[in-house]
Amino acid sequence: MKRRFTLVVVVAAGAVGLALAARGAEPAAPTGFRAEFIAEVDSVGKKLISLANAMPQEKYSWRPAAGIRSVSEVYVHVAGADYLIPSFMGVKVPEGISRDMEKTVTEKAKVVETLKQSLEHLKSMAANMSDADLDKKVKVFGNEMTERAVMILILNHMHEHLGQSIAYARMNGVVPPWSAAPAPAKKS
């Protein structure tokens, strides 16, 4: 009898503990489109950051022609858009983010850090919205679209400028790190 009572108390305590933990638990991890969006932000973001790190600081001011964005301006443009485009969905733009930061953030370490933070901003946005939000209609540059379409726009924009950054890198003799040939095996 004493054993059975102890078992009941242990099971009850465990159930109460689980219920309390569940009440304060983190929201469930995103699934479906939101999880796919986060994975794609990670994928394109990893390439953007590795390419930004591979470019030497002295090439950050390089531009293919007058009036065209420089290397640093492209990366900061992507970061700025990662903050500003979600604002159409009601996502707050952090202090210090503005359209003119392309001209003011030029030092390599700061450019890379700004880009990294913008990627975290996007992932947080997707993690903290609901699946129902994806079908909400918003106005973006005068066009009505769903929040899902806005998120696709963000990914398209990031990929467009990844391609531009690859061209800039190759024009400056920098091979994208993920496409570099592996080092030959050492002979023993």
For Y75 and T114, run side chain to side chain contact (heavy atoms under 4.5 Å, CB included): C-alpha distance rounded to whole Å, both residues' side-chain angles, the deciding distance at 0.1 Å, then the answer. CA-CA 9 Å; Y75 291 124; T114 300; over 6 Å; no

Going by heavy atoms in the side chains, are R34 and D133 under 4.5 Å from each other? no

Shortest non-hydrogen contact from A81 to P86? O-CD, 3.5 Å

To the nearest 0.5 angstrom, please state how far the CE atom of M125 sits from the CD1 atom of I38. 8.5 Å

Can you see which heavy atom on S61 is nearest to which on S70, and at what distance? O-CB, 3.7 Å

Reported CD-to-CD1 distance for the pair Q117 and I97, which is rounded to 0.5 angstrom: 7.5 Å

Find the distance between CG (L48) and CG (L119) and round it off to the nearest 0.5 Å. 7.0 Å

Please evaluate residues K136 and M129 with respect to the criterion side chain to side chain contact (heavy atoms under 4.5 Å, CB included), reporting the C-alpha separation (whole Å), side-chain torsions for both, the decisive distance (0.1 Å), and the verdict. CA-CA 11 Å; K136 279 194 217 170; M129 65 190 302; over 6 Å; no

Where the side chain of Q57 meets the backbone of K108, is there a donor-acceptor pair that is under 3.5 Å apart? yes

Does some side-chain heavy atom of M158 sit less than 4.5 Å from a side-chain heavy atom of E40? no

Hey, can you tell me if F88 and F141 have their rings parallel, tilted or perpendicular (30° and 60° cut-offs)? perpendicular

Got a second to check how far M151's CE is from M89's CE, nearest 0.5 Å? 5.5 Å

Partners passing side chain to side chain contact (heavy atoms under 4.5 Å, CB included) against K137 (at least two apart in sequence or in another chain): E144, T146

Salt bridge or not for E113 and K110, using N-O below 4.0 Å? no

Would you mind writing out the side-chain donor-acceptor pairs for residues 162-179 within the sub-3.5 Å range, not counting sequence neighbours?
unit_1: Q164; atom_1: OE1; unit_2: H161; atom_2: ND1; d: 2.6
unit_1: Q164; atom_1: NE2; unit_2: Y168; atom_2: OH; d: 3.1
unit_1: S165; atom_1: OG; unit_2: H161; atom_2: O; d: 2.8
unit_1: Y168; atom_1: OH; unit_2: R69; atom_2: O; d: 2.6
unit_1: R170; atom_1: NH2; unit_2: S179; atom_2: OG; d: 3.2
unit_1: N172; atom_1: OD1; unit_2: K59; atom_2: NZ; d: 3.3
unit_1: N172; atom_1: ND2; unit_2: Y168; atom_2: O; d: 2.9
unit_1: S179; atom_1: OG; unit_2: P176; atom_2: O; d: 3.1

Given side chains that start at C-beta, do those of V41 and D82 come closer than 4.5 Å, heavy atoms only? no

Taking C-beta and beyond as the side chain, do S72 and V105 meet within less than 4.5 Å on heavy atoms? no

Under 4.5 Å between any side-chain heavy atoms of V112 and K116, yes or no? yes

Shortest non-hydrogen contact between L153 and V140, atoms and distance: CD2-CG1, 4.2 Å

Contact between I152 and L155 at the side-chain level, heavy atoms closer than 4.5 Å - yes or no? no

Output all residues satisfying ring pair (Phe, Tyr, Trp, His ring centres under 6.0 Å) with Y60, sequence neighbours left out; order by chain, then residue number. none

Please confirm whether the backbone N or O of L84 pairs with a side-chain atom of S87, one donor and one acceptor, at under 3.5 Å? yes

Closest non-hydrogen atom pair, D42 against K123: OD1-NZ, 2.7 Å

For the residue pair L122 and F37, what are the closest heavy atoms and their distance? O-CE2, 3.8 Å

Quick check: closest heavy atoms across P30 and A35, and the distance to 0.1 Å? O-CB, 3.3 Å

Between D135 (side chain only) and A132 (backbone N and O only), is there a donor and an acceptor less than 3.5 Å apart? no

Distance col, row K103:NZ vs S98:OG, nearest 0.5 angstrom, shows 12.5 Å

